Structure formats: structure tokens, C-alpha cells
Amino acid sequence: MQSTLILILSIFGILITAYISIAHLSKKQVICPIAKKSCNIVLDSKYSKTLGVKNEFIGLIYYILIIIAVFAIQSNSIIQIAKIVSGLAALYSIILFGIQIKIIKSYCFWCITTAVINVLLFVLIIKI
């Protein structure tokens, strides 16, 4: 059950980050279900990159690696690394959510959704 939830959450994360990545690469606006321009304000802010790389690309790689770590490799050391990385992803997502609230003062539905996914993944992975 736990592994199934990790897989489902990771697939949702891949779908969301792939959508955002494709929109950016094709120079199209991201459609936000909660406000017309809200997502693009956040996604085009200076906080949308980490070390010069768009956060959605980092997220896309993260979700793929989680699937590989949990389902393909299944070694103790890889699982321990997955626990640490998922904890860092959850923490960073919470920080980015705080930035949306306190600094940008705009909200991205997709960013908040991936933050929730990242926290849930951490909770599930830490129990492995």
C-alpha cells in the first residue's frame, strides 16, 4: 500500500512538473485553476530557479529518481539516501511555499500541489 502511494504521488509529481516544463519550453502561460495569472507570477519569479535551474526541472528529476530508488534499486543505502533527499525536498517545498506567502504574495496551485506531494512522499518514504 505504501509503495503504491509513493508511486501514485510520484507520477502526479511527474505530470505536474512535466506540464510546467513543457509550458515554459514552448513559452506558453501555465494555466492556473485558482487564478488567471497567479501561477505565472510565481513561476516567473526569481525564486523559480535553484542554482540557475528551473525548479520544475529539478522536481521532474526528483520524482523520477524516487521511483527508481524505491522500486528499481531497493538497496538499504539507496533507501537511506531517498529518505534524506525526500526530507530536503519537503523542507525546500515548505520554504518555497513561505516565499509565495511572504515575499511574492501570489500563489501557484501547481507549486502548492507539488509541495503537498513532497511532504507526503517524505512521510511515506521515511517509514520504509
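Positions are given from 1 along the sequence. Here the structure is a predicted model, which is why all the values come from computation and not from measurement.
- Residues Trp110 and Thr17 form no side-chain contact, since every pair of their non-hydrogen atoms from C-beta on lies 4.5 Å or further apart.
- Tyr63 and Thr114 form no side-chain donor-acceptor contact under 3.5 Å, judged by distance and modelled atom types alone.
- Separating the NZ atom in Lys83 from the CD1 atom in Ile125 is a distance of 9.5 Å, to the nearest 0.5 Å.
- Ile117 places a side-chain heavy atom less than 4.5 Å from the side chain of Ile16.
- More than 12 heavy atoms of other residues, nucleotides or ligands shown are found within 6.0 angstrom of CG on Leu7.
- Side-chain atoms of Ser48 come within 3.5 Å of backbone N or O of Leu43 as a donor-acceptor pair.
- Taking the side chain as every heavy atom from C-beta outward, Ile67 and Ile14 approach each other to under 4.5 Å.
- Taking the side chain as every heavy atom from C-beta outward, Asn118 and Tyr62 approach each other to under 4.5 Å.
- Follow the hydrophobic side-chain contacts under 4.5 Å out from Ile95 and you reach Ile104 in the same cluster.
- When hydrophobic clusters are built by joining Ile, Leu, Val, Met, Phe, Trp and Tyr residues whose side-chain heavy atoms come closer than 4.5 Å, directly or via intermediates, Ile8 is not grouped with Phe122.
- Taking CD1 from Ile31 and SG from Cys39, the interatomic distance works out to 10.0 Å, rounded to the nearest 0.5 Å.
- Side chains of Ser3 and Phe71 form a contact here, defined as non-hydrogen atoms less than 4.5 Å apart.
- Put simply, Val123 and Met1 are part of two different groups of oily side chains (I, L, V, M, F, W, Y) that touch within less than 4.5 Å, one to the next.
- Counting heavy atoms from C-beta outward, Asp44 and His24 have side chains that approach closer than 4.5 Å.
- Annotation: side chain of Leu25 is in contact with side chain of Phe57 (closest heavy-atom distance under 4.5 Å).
- Between Ile112 and Gln100 the shortest side-chain heavy-atom distance falls below 4.5 Å.
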* Asked: Given Leu121 and Ser10, is the side chain to side chain contact (heavy atoms under 4.5 Å, CB included) satisfied, shown in steps?
  -> CA-CA 8 Å; Leu121 280 173; Ser10 296; 3.8 Å; yes
